[in-house]
Amino acid sequence: MSTAETKSNFIRQIIDADLESGRHTRVVTRFPPEPNGYLHIGHAKSICLNFGLARDYGGTCHLRMDDTNPETEEEEYIEAIKNDVSWLGFEWGEKLFHASDFFEQMYQLAVGLIRDGKAYVDHLTPEEISEYRGTVREPARPSPYRDRSVDENLDLFTRMRAGEFPDGHCVLRAKGDLASPNMKLRDPLLYRIRKASHPRTGDTWCIYPMYDYAHPLEDAFEHITHSICTLEFENNRDIYDWVLDNTPVPARPHQYEFARLNVGYTVLSKRKLLQLVNEKHVAGWDDPRMPTIAGMRRRGFTPEAIRNFCDLIGVAKANSFVDIGKLEFCLREDLNLRSPRYMAVLDPIEVELVGWAADRVTMIDAPLWPEDVGRPGTRPLPLGGRVFIEREDFEQTPPKGFKRLSPGAAVRLRYGPVIRCDEVLRDETGRVVKLRCAVFEGDAAEAPRVEGTIHWVPAHAAVPAEVRLYDRLFSVEKPDADTSGRDWLTLLNPENLVVVRGALVEPALAALGPGQHVQLERTGYFYTDPKDTRPGAPVFNRVVTLRDSWAKRATVAASPAPSVVRPAATAAADTGKAARKSRTTLRAEARAAEPALAARYDRYLALGLSAEDADVLTGAQDVGDLFEAALSVYGNATSIARWVVNEVLGAAKDAPLSTLALDAAGLAGLVRMVDAGDISNLAGKEVLAELVEKGGTAVEIVERRGLRQVNDAAALGALVEAVIAAHPDHVARYKAGNAGLLGFLTGAAVRQSGGKANPQQVRALLEAALAG
RNA sequence: UGGGGCGUCGUCUAACGGCAGGACGCGGGACUUUGGAUCCUUGCGGUGUAGGUUCGAAUCCUACCGCCCCAGCCA
């Protein structure tokens, strides 16, 4: 029931472009978990993305264990990961890899880097390395070992591999850029010594590659085309590229980053999840309260619901926080179709049906499925003289709108007769122990009208069962962002699991085996625990509650509407500390350092340019050069300035202007034609795009592409008529008051003319034509 | 603070100079032997701020504001 067609996202756009340009002819992605913990819902997003891309583009997705750190990685995790990915419904076929498969090749490439003088063995201690690295403001200092000879480095590296040095004695480092503002590039570590046994390679290695070195190589060896990771690796992309550019690899993958998943009331950091397990705050990695795939599986989530959730939330680069309600929605949507309905009473009150013959039992054929699911099937449901109902379905003094039982009121027993509460029996503490109710069977004319239906179980045939009510793990929405200073563990929800041992279920449920989904009517979706369910003794895990408009109303009524006063985004309160150095200040500095630029600035102001344009044009030599050169060909300073500032800079996208095919004469010619009305602004931009791309002259491009502006009233009139005829709906909506549609219709007309029609005139003609 | 990213309904996400759309949520309605199933909904609600360019700006230019990431021998 996966919904609709696949949503567009920025990664799909990149792939589309790569396929179209021929950069790639197929798509190969990978999901590269480190086997140092169990997979969680955040990984599910990545799995669905990577495998989904491969599926949709007819490519392949590799499963790769990123096992470069033997100290934290274990075989148990490797198996769990494989199990979870395949349970989610994805197949990697033959394409199972391990980073450790490539250790020898990685080593050889490292030797190559040393030979090329691009890597060295460093003996600085970790503390010293950190110290030498500098800060974001100050550059790094070179390690005293940075310049030793290739031969010495080769010898040392060989001995590192041979196990001659203890852990931490030395590392292999790349010769990066010590002054780089990107800290990751300041001589990144490539190899460290770890005399630990590796789950796959055992003791054959005692040096292990670092992520930043290993990952790009793994991608290249596997011929990955699109290497997709999360946002926090953006800074690592520079080393990713460095490694691939400095080693002879068989392919050239590229890294793209997307926003990782965040959801409320849980944590998704492996460190914290591990701590929850180790310190026994939960019963293990597969505890149903855990956000792990294993935990969700045991709780009763389905792969379909999780996949659907991942489709629903999309993929983008903005940090986001997904409402857990979306997951619950996906769960209910899926579970509705696969969960037969039954009844169970969690907190029973006995009800005596007054007048019911002592040993009379009627069998009810109760449907397993509601009408909308439309599946056949019933289960036998016996009704005798005593039943149990839910304690919360009775109120001595019902609040307004209460549709359940209260003294003198009547309800229908689900699938059964109507009952009216005539007598309430209590114990000495005042607790209700029994209700005596009149029964109205069949179409009894005297039956009271009822508004509510409640669930029940027959007292004589009820079966005791254990019910585990799972709730959100934490009691605050963002335990990771808690600023109260409390330890995050104190934020655990004390009621994240409530075990109900006195629950009573209808007899048909007694035979349920492990791993079955049911809906306990009016209570929620449940799953028989796959580990603890015994023959005849089901254990029910609550997967998710049902939507509950009454509970919602009740809560709202109870809490006196806390009129949420949100601190209005403090309007430009200049309390804000100095922003980062802006481009203006950068340009001002450039002018201060270079008198020629400063002189230009004054001259441009004298030419009549705005201060802003003059500023932008004089921040760098090349921008001003282009402006001046174009100006010498065509003398309208403001027009040239406008095109340089607003259009050329946009087209350049921060690249130096010298990388553009555009020359000053081309630009000047273009601006001249626009000013003269030979071509429209729109066409002008089209011409500029080609000039930037391929160079040439504006006149030639205009003639070749036939972009000369059409100003002829008759031709434009015909065009307008045609557009009006072609879009009757839009015209009607425009006339009904949707003014925004004038833009749409103008656009349609201009587009139909191939960008040649004079847009002002088109718009005016349209407006006039539609006014009548 | 140097650098790298990101700001669109309450939340998530589209729109690539031309109708701000979808989903969850919220509200309203239908139906009802699940208040909680299910269905309908032309209902609510948004382009961080301020300028500029353009016939037309969420989109291009400029400035400002805010948030995230980077100084592990983790990944």
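Protein chains get the first letters and strands the later ones, always in sequence-line order, with residue 1 at the start of each. Predicted model, so just to flag it, every value in this text is computed and none were measured.
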Quick one: ring-ring contact (aromatic ring centres under 6.0 Å, His included) partners of [X], sequence neighbours excluded?
X: Y208(A); result: F103(A), H198(A)
X: F309(A); result: none
X: Y145(A); result: H123(A)
X: F394(A); result: none

**Message:** My understanding is that only residues two or more places apart in sequence, or in another chain, count here; which of them pass side chain to side chain donor-acceptor pair (under 3.5 Å) with K270(A)?
**Reply:**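 With sequence neighbours excluded, K270(A) shows a side chain to side chain donor-acceptor pair (under 3.5 Å) to N36(A), given in chain and number order.
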If the condition is side-chain contact (heavy atoms from CB on, under 4.5 Å), which residues does [X] pass it with, not counting sequence neighbours?
X: N69(A); value: E34(A), E71(A), T72(A), E73(A), R192(A)
X: C229(A); value: F233(A), Q255(A), E257(A)
X: E395(A); value: P398(A), P399(A), F402(A)

**Asked** Who pairs with E232(A) by salt bridge (charged side-chain N to carboxylate O under 4.0 Å, His left out), at least two apart in sequence or on another chain?
**Response**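 So E232(A) forms a salt bridge (charged side-chain N to carboxylate O under 4.0 Å, His left out) with R260(A).
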**Message:** Are there runs of at least three consecutive Watson-Crick or G-U pairs touching RNA chain B, with each pair's two distances under 3.5 angstrom? Give them by first number.
**Reply:**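 As far as RNA chain B goes, consecutive pairing (with distances under 3.5 Å) yields the stems B:2-7 with B:65-70, B:10-13 with B:21-24, B:27-30 with B:38-41, B:48-52 with B:60-64.
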**Fill in**
Scoring nucleotides 70-75 of chain B by protein non-hydrogen atoms under 4.0 Å (B base, S sugar-phosphate only, - none) yields SBSBSB
Scan nucleotides 15-18 of chain B against the protein and return all N/O pairs shorter than 3.5 Å with their distances rounded to 0.1 Å.
from: A15(B); atom 1: OP1; to: Q13(A); atom 2: NE2; distance (Å): 2.7
from: C16(B); atom 1: N3; to: Q13(A); atom 2: OE1; distance (Å): 3.4
from: C16(B); atom 1: N4; to: Q13(A); atom 2: OE1; distance (Å): 2.1
from: C16(B); atom 1: N4; to: Q13(A); atom 2: NE2; distance (Å): 2.3
from: G17(B); atom 1: N7; to: K685(A); atom 2: NZ; distance (Å): 2.7
from: G17(B); atom 1: O6; to: K685(A); atom 2: NZ; distance (Å): 2.9
from: G18(B); atom 1: N2; to: R763(A); atom 2: NH1; distance (Å): 3.4
from: G18(B); atom 1: N3; to: G743(A); atom 2: O; distance (Å): 2.8

